[in-house]
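Being a predicted model, the structure only gives us computed values, none of them experimental. Quick note: numbers below take in every heavy atom, side chains included, and nothing from hydrogens, waters or symmetry partners.
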Amino acid sequence: MKLFHLMLLLGPMIAVLTLATFPTEVRSVGPTVSDNKLKVETFVQGLASPTSMAFLDKDHIIVLQKNDGKVLLVSNGTLQKKPILQVSVDKTVERGLLGIAILRPNASSLAENPVSKTLVFLYYTESQSGQPLMNRVYSYEWNGHVLESPKLILDLPGLPGPNHNAGKLSIGPDGNLYAVIGELRHNGQLQNIKDGPAPDDTGVIFRVNPFSGQGVRGNPFEHAGITNPLSKYVAYGIRNSFGIAFDPVDGQLWQTENGPSSYDEVNVIKPGFNGGWKKVIGPISRTKIAENDLVSFPNSKYYDPIFSWKDPVAVTGLEFFNSSKFGDKYLNNLFVGDYNNGNIYFFKINGTRTGLEFNDANQSGLTDLVVDNPKELAEITFATGFGGITDIKTGPDGYLYVVSIKDGAIYRILPSKL
C-alpha cells in the first residue's frame, strides 16, 4: 500500500493528523505557478494543521484547525489570535475539525425558512467523555464576533475509523446543505456489499435541509421515507472525499475521491450516484467487476469517474474558478489540489459541462481520462510546492486561495502585474 495511504487519507487526512504532532514544515523553496502571468504570495501564516476555510465577506475568512478544534478568523489578511469558537475534537489520524459552509441571510432558496442571520456549519469528530465518538454537523449563528447558538444538524458515525471521515460541506445553489462522509471502514450495502448491513450513513453525500437535517424533496431516494437514511442521500459507494464543489454555470455537483493503492478520482455527482466502492475504484473497464455486481437501490446508477490518477496523489479540494481575473482560459474551469505533492491541477471543462476536455496536442495521453505516468501528471500540473493542500477557494477579490496543512498557511495566487 502506498505511503500516502498509510499516513494520510484526508483523501489525505491520515497524514493530516499525523502532521499535527510535528512543527510546521518550512521549505527553502515556496510554491510556484507554471503560468508566468501569475504569482503566489503568502496571505496568512501561523496556522496549525488547517483543514478548511470559508469567506464570510470580502474582508474576513473563517479557517479551521484540525487537531485543537479552533475556529479562527482572518481579518483583512491578519490572523486573529482569539478563536471565534473552540470545540472538543478527537484528533486521531483523520478525525478532527474538518469542514465548513456558510449560509448568508436571504441566500437560501428555502422560502419556508428565511435566513435572518449568517449561519456557519461545521463538521467535526466530537469528543465527549464517556460517549462513543461521532462525526457531527452543527450550525452556529455568527453575531459579528463569535459563533454561538449551536444546533445539531447531522449525527453521524465515527467508528471504527479512525480514517475515512471525509468532512467537507457546501451550501448548494438550491439552498440545501451538502455533506460528505467516508466509509469509516464499514462493509455494508452502501459499500456495495450485497449481504452487508443496511444503509448506515457511511460513504455517502447528504443533501439535507440546513435547518432540520432532514432529507429534502427531489432527493433520489426520497421514496424511502423520512425515517430511512436513504432519504437524505444523493450519492453512495464513496470511499473517502476531501472535495465537493458546484459548477457555477449549471449548478452541477462535482467531487474528488481518494483511492487506496490505485486510482484517485474526480466525479460528477448525478442524483442516485453509486461510486462503486468497495467493488470498484477508477474506471470499471479496468476491473473485473460488472455493474450488476454492485448494490442497486431504486433510482441509483453506477457512474465512472470523469478523470482518474492511476497512482494516487491524494486529491483534496476542488474549485471552479468563478473569476475573470486570470483571463478567459481559467474562467469557470477547474482547479484540483493534492496532498502528496502539494500540486494544483488545472482542467478545462468540456462544452456540455459534463466532463473534461483535452484538446492540447501535449495532452494526447490523457484522452483515456487517466493519468498513467509522470509525463501525463506534468501535463495537468498548474502549480506545485504548496506542502499538502486541504482546500482551494475563489476569493471575493477574484483571486485563488489555497490552504496548506503542512505549511500552516493560506496562499493566494494572483496576477503578476496588477
Side-chain angles (χ1 to χ4, degrees), residues 2 4 11-12 29-40 243 245 247-249 252 254-259 262-268 281-286 304-389 392 394 398-400 402 411-417:
K2 302 287 184 181
F4 88 88
V29 178
T32 58
V33 183
S34 60
D35 188 334
N36 60 16
K37 295 180 180 179
L38 303 173
K39 65 180 180 180
V40 185
D247 185 336
V249 176
Q252 174 63 56
W254 292 49
Q255 172 247 12
T256 56
E257 175 90 1
N258 298 103
S262 60
Y263 295 111
D264 282 353
E265 302 176 351
V266 175
N267 292 294
V268 174
I281 195 77
I284 198 169
S285 61
R286 294 193 177 195
D304 248 3
I306 56 100
F307 193 78
S308 304
W309 290 256
K310 183 178 180 181
D311 293 321
V313 295
V315 287
T316 53
L318 77 167
E319 174 71 356
F320 290 91
F321 189 59
N322 189 19
S323 168
S324 60
K325 291 291 183 70
F326 295 177
D328 291 343
K329 174 182 178 180
Y330 298 103
L331 177 62
N332 292 328
N333 285 313
L334 186 66
F335 290 107
V336 177
D338 85 18
Y339 177 89
N340 284 355
N341 308 298
N343 287 348
I344 298 175
Y345 307 102
F346 173 71
F347 301 97
K348 184 177 180 181
I349 307 301
N350 65 20
T352 58
R353 310 296 295 183
T354 57
L356 307 178
E357 186 175 281
F358 298 101
N359 291 332
D360 192 307
N362 294 326
Q363 296 181 325
S364 59
L366 294 169
T367 55
D368 64 353
L369 304 177
V370 179
V371 171
D372 289 302
N373 55 60
K375 178 178 180 296
E376 293 178 0
L377 186 71
E379 289 166 359
I380 59 171
T381 301
F382 163 80
T384 193
F386 286 88
I389 294 167
I392 306 176
T394 307
Y399 305 144
L400 193 67
V402 183
Y411 294 103
R412 181 167 67 172
I413 300 174
L414 66 166
S416 300
K417 297 180 180 179

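- At distances below 3.5 Å, at least one donor-acceptor pair connects side-chain atoms of Glu265 with backbone N or O atoms of Gly282.
- Taking all atoms of both residues into account, the shortest heavy-atom contact from Asn373 to Glu376 is OD1-N, 2.8 Å.
- Lys310 NZ: 12 or fewer foreign heavy atoms inside a 6.0 Å radius.
- For the atom pair CG of Asn350 and CG of Asn333, the computed distance is 10.0 Å after rounding to the nearest 0.5 Å.
- Not one N or O on the side chain of Thr367 forms a donor-acceptor pair closer than 3.5 Å with the backbone of Phe358.
- Residues Lys39 and Leu414 have side chains in contact (heavy-atom distance under 4.5 Å, counting atoms from C-beta outward).
- Between the side chains of Tyr330 and Asp35, at least one donor N or O sits under 3.5 Å from an acceptor N or O.
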Audit row: Leu377, Asp311, side chain to side chain contact (heavy atoms under 4.5 Å, CB included) steps and yes/no: CA-CA 10 Å; Leu377 186 71; Asp311 293 321; over 6 Å; no
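- Phe386 and Thr32 get closest at one heavy-atom pair: CE1-O, 4.5 Å.
- How far CG of Asn343 is from OG1 of Thr316: 10.5 Å, rounded to the nearest 0.5 Å.
- The CD1 atom of Ile344 lies 12.5 Å from the CD1 atom of Ile380; values are rounded to the nearest 0.5 Å.
- We find the CZ-CG distance between Arg286 and Asp304 to be 10.5 Å, quoted to the nearest 0.5 Å.
- Residues Phe347 and Trp254 keep their aromatic ring centres 6.0 Å or farther apart.
- Taking both residues in full, the closest heavy atoms of Asn267 and Glu257 are given as ND2-CB, 3.6 Å, listed atom of the first, atom of the second, then distance.
- Interatomic distance, Leu400 CG to Ser323 OG, rounded to the nearest 0.5 Å: 9.0 Å.
- The one candidate from Val336, Leu334, Val402, Ile392 that meets the side-chain contact (heavy atoms from CB on, under 4.5 Å) condition with Glu319 is Ile392.
- Taking every heavy atom of both residues into account, Pro305 and Pro283 meet most closely at CG-N, 4.0 Å.
- Residues Asn322 and Leu331 share a closest heavy-atom pair of C-CD1, 4.4 Å.
- Between the side chain of Gln252 and the main chain of Val268, no donor-acceptor pair closer than 3.5 Å is present.
- The closest side-chain heavy-atom distance from Ile389 to Asp338 is not below 4.5 Å.
- For Tyr345 and Phe307, the gap between ring centers reaches or exceeds 6.0 Å.
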Residue pair Phe320, Asn332: steps toward the side chain to side chain contact (heavy atoms under 4.5 Å, CB included) verdict: CA-CA 5 Å; Phe320 290 91; Asn332 292 328; 5.6 Å; no
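- A centroid separation of 6.0 Å or more is found between the aromatic rings of Phe382 and Phe326.
- Atom CG in Asp360 sits 10.0 Å away from atom NZ in Lys348 (nearest 0.5 Å).
- With sequence neighbours left out, the salt bridge (charged side-chain N to carboxylate O under 4.0 Å, His left out) criterion links Asp247 to Arg353.
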Evaluation steps, side chain to side chain contact (heavy atoms under 4.5 Å, CB included), between Ile306 and Leu356: CA-CA 7 Å; Ile306 56 100; Leu356 307 178; 3.6 Å; yes
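- Taking both residues in full, the closest heavy atoms of Val315 and Asp264 are given as N-OD2, 3.2 Å, listed atom of the first, atom of the second, then distance.
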